[in-house]
Structures are given as C-alpha cells and as structure tokens.
Amino acid sequence: MKTFKASFSSKTTTFWFNDSMLSLPARLKGERLIFVTDEQVFASHTRLFKNFETIVVPAGETHKHQGTVDRIVLQLIERKADRKSILVGVGGGVVTDMAGYAASVYMRGIRFGFVPTTILAMVDAAIGGKNGVDVGVYKNLVGTIRQPDFLLYDFALLKSLPHEQWVNGFAEVIKHAAIKDARMFSGLENTTVAKLKRDKTALASLIERNAKIKIRVVQADEFEVGERRLLNFGHTLGHAIENELALMHGHAIAVGMVYAAQISSWVKGFAQHSRLVTLLEQFELPTNARFDLDKALAVASMDKKREGNTMNFVLLNRLGNAVVHKIPIDDLAAWFRQV
Ligand code: GLY
C-alpha cells in the first residue's frame, strides 16, 4: 500500500494505492461508512459488502440522472445518515459521480470517498471533484465541484472487469499521454491491453502515473478556467455523440480525439495524427463512428465548454503538448464536416 496526499482548494484528499477495500473501516476508524454501488459491482463482489451498510443502484449511464440520486438521498434519510456519516462510492464513473453529487447536496454536504472499480474511474472519473448527473443527452449538465476525502485503489477489483471496460478506460490513458506526457505515449506504443492485463506491476504503475497527471492538472486549475480545460481533449465531439449513439465513454472520446487531432493538423500543424490513430487502434478503440453531424452539433452547442458563440476546443501542438483554442461554433461545424 502506498499513501499519497493531494491538496485542493478546500481539502486534502488521501490516495491509498494498492490497497484493499476491506481495510477502509480500519483506515477511517470510528466513522460511520455508508456504501453506494451498482447492481453489477454488487453482484460481482457481494462478499466484500457483507459487513457494510450498502445502497445499491441500477447500473449504467442511462441511470445517471437526478431520479437515481433522489433514491440515494431517500435511502440516506431512511438509514438516518447524519452530517458525520461518510458516503463511499464503489464503482465506475457513473457511481462515483452520483455518490459524490448525493454526498455534496445531502444535508448541504457530507464527507465522501471513492473506491473506483474500473480503469476509467481509477485514472480519471473518480479524481477531480466534479460530480453530477446527465440530463437527457446532455452529459454531466447538473452537478457540483467538491473533492472527495479519499480514493482507495484496490486492483483486485479489476479481476471482474469485462474486457470492453479495460479498453474503455485506456482511452483516457491515451488522452493523458497525448496532452501531457509524450514519454508515456511512447511507452504505450510498446504495449497492449492484453499485456497490461498480465503485468500487474506495469498496470499499477501506469494507473498511478495517470492518476497523478489528473491530480496535478486539477490542482493547477480546480475550477476549470485554464489548464484543466486540456483534459477535455476529444470530449466536445465525444460527449456530443456518447449518449446519442449509446457509446461507451472511451469509445466516444477516442473518436472525438481523432477529429480533434485532424483539426489540430490544420490549425496547429500537428504532424503526429497517424501515431494517435495507430495507438487507439492498438488499444482496440474505434477511430470513427457514423453519426448525425447536425444532431451532434446541436448537443455540442449546449456543452459546458461553450462561451457565447465560441467553444474552448483543445488542440495538440505535438504529442504531450496541448493548447486550448477558442473556435467560433460555426467554424467548428465546418471543420467537423471536413473531417
Ligand atoms: N469527476 C471527474 C472530474 O472531476 O474530472
């Protein structure tokens, strides 16, 4: 087990890497823990929840809405959770986003922490304090920014992760490499999902490296007025097609990254487009999708990255070096059409 502490504006979050979920009561001695998980995680790891108070919600992005958060809040009331209780979200990004949101609004805010169970949640979704729910096709339109007290990484939980979810998570790993870490990008070019599944040490160190990239970016700009926008690479189009086509998040942003890389080559002279496409393919991710461009543009126009008639769009100068570029929405539409 390795402890790492990261300070944000309102609190210091403790990261326990390479730990066991069952050590939580000892780590948080004397505290009342209430767990939130989804039906899939609960079914795969029922034994782990045996001695814990647990709220189980339906699994999947289609349940990431206010109604599910209301169910969590009602259960907290039924269980007489008070302001000292700690809510622990155990699951992928859908669970951690909703658990963080429910904890942020219940009694105007109780403490919470996460045990991420997917690669995607470990490297991205559970880190950063943004939580919330979708509203129809609009991803994460309602929520708060509030940091968790802790994240516990129990790599044994990955044993039950379906292969497609491994692939899904590596889209965010490739994104981190593309925007921030050219050396990690080269390292990824020499491996595959299958190799990482076998090599637990390499996997643990890759997850920790990615978690720390995300932590550093969030520390530099917690409320997303500058640097943090870089994490949205591939997400403008990605979010616009994700719910529309019922794609997995990683698949949607892989397609979004390919579009953004193509636009980067026109606007910034980015010359490594084919390396990005090849790496995405090597990690079994899609690099194109059939979608209705007008519908996608309509959804993108409600994106949180929009400011008036311009979009804060992330482009690459080169691998490992990204920049936020303000693009008029009309130009963006024209570029998407050309790609
Ligand atoms: N919860 C994801 C983030 O804060 O970016």
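Note that ligands are numbered from 1 as they come in the structure, with each ligand's atoms numbered from 1 the same way. All heavy atoms count here, side chains included; hydrogens, waters and symmetry mates do not.
With respect to atom 5 (O) of ligand 1, the closest heavy atom belonging to the protein is Lys214 NZ, 2.6 Å. For atom 2 (C) of ligand 1, the closest non-hydrogen atom on the protein side is Ala125 O, 3.1 Å.
Proximity of Leu231 to ligand 1, defined as any heavy-atom pair under 4.0 Å, is not found for any part of the residue. Of the heavy atoms in Arg228, only side-chain atoms (C-beta onward) come closer than 4.0 Å to ligand 1.
A perpendicular orientation is assigned to the rings of Phe35 and Phe49, their planes being inclined by more than 60° (bins at 30° and 60°). Note: Phe17 and Phe15 have parallel aromatic rings, judged against thresholds of 30 and 60 degrees for the angle between ring planes. Relative ring orientation between Phe313 and Phe336 is described as perpendicular, the plane-to-plane angle rising above 60° on a 0-90° scale split at 30° and 60°.
Between Asn131 and ligand 1, no pair of N/O atoms sits closer than 3.5 Å. For ligand 1, none of its N or O atoms has an N or O atom of Ala126 under 3.5 Å away.
Of the possible donor and acceptor atoms, one in the side chain of Asp221 sits under 3.5 Å from a partner among the backbone N and O of Arg228. A distance-only check finds no donor-acceptor pair linking the side chain of Arg71 to the backbone of Gly67 [under 3.5 Å].
Ile127 counts as a contact of ligand 1, since one of its heavy atoms falls under 4.0 Å from the ligand.
Seen from the ring of Phe155, Lys200 does not count as a face-on cation partner, given the 6.0 Å and 45° thresholds.
Of all atoms in ligand 1, listed by their number and element, those nearer than 4.0 Å to a heavy atom of Asp97 are 1 (N). Distances below 4.0 Å separate heavy atoms of Gly129 from the following atoms of ligand 1: 4 (O).
Here the NZ-OH distance, from Lys64 to Tyr101, works out to 11.5 Å after rounding to the nearest 0.5 Å.
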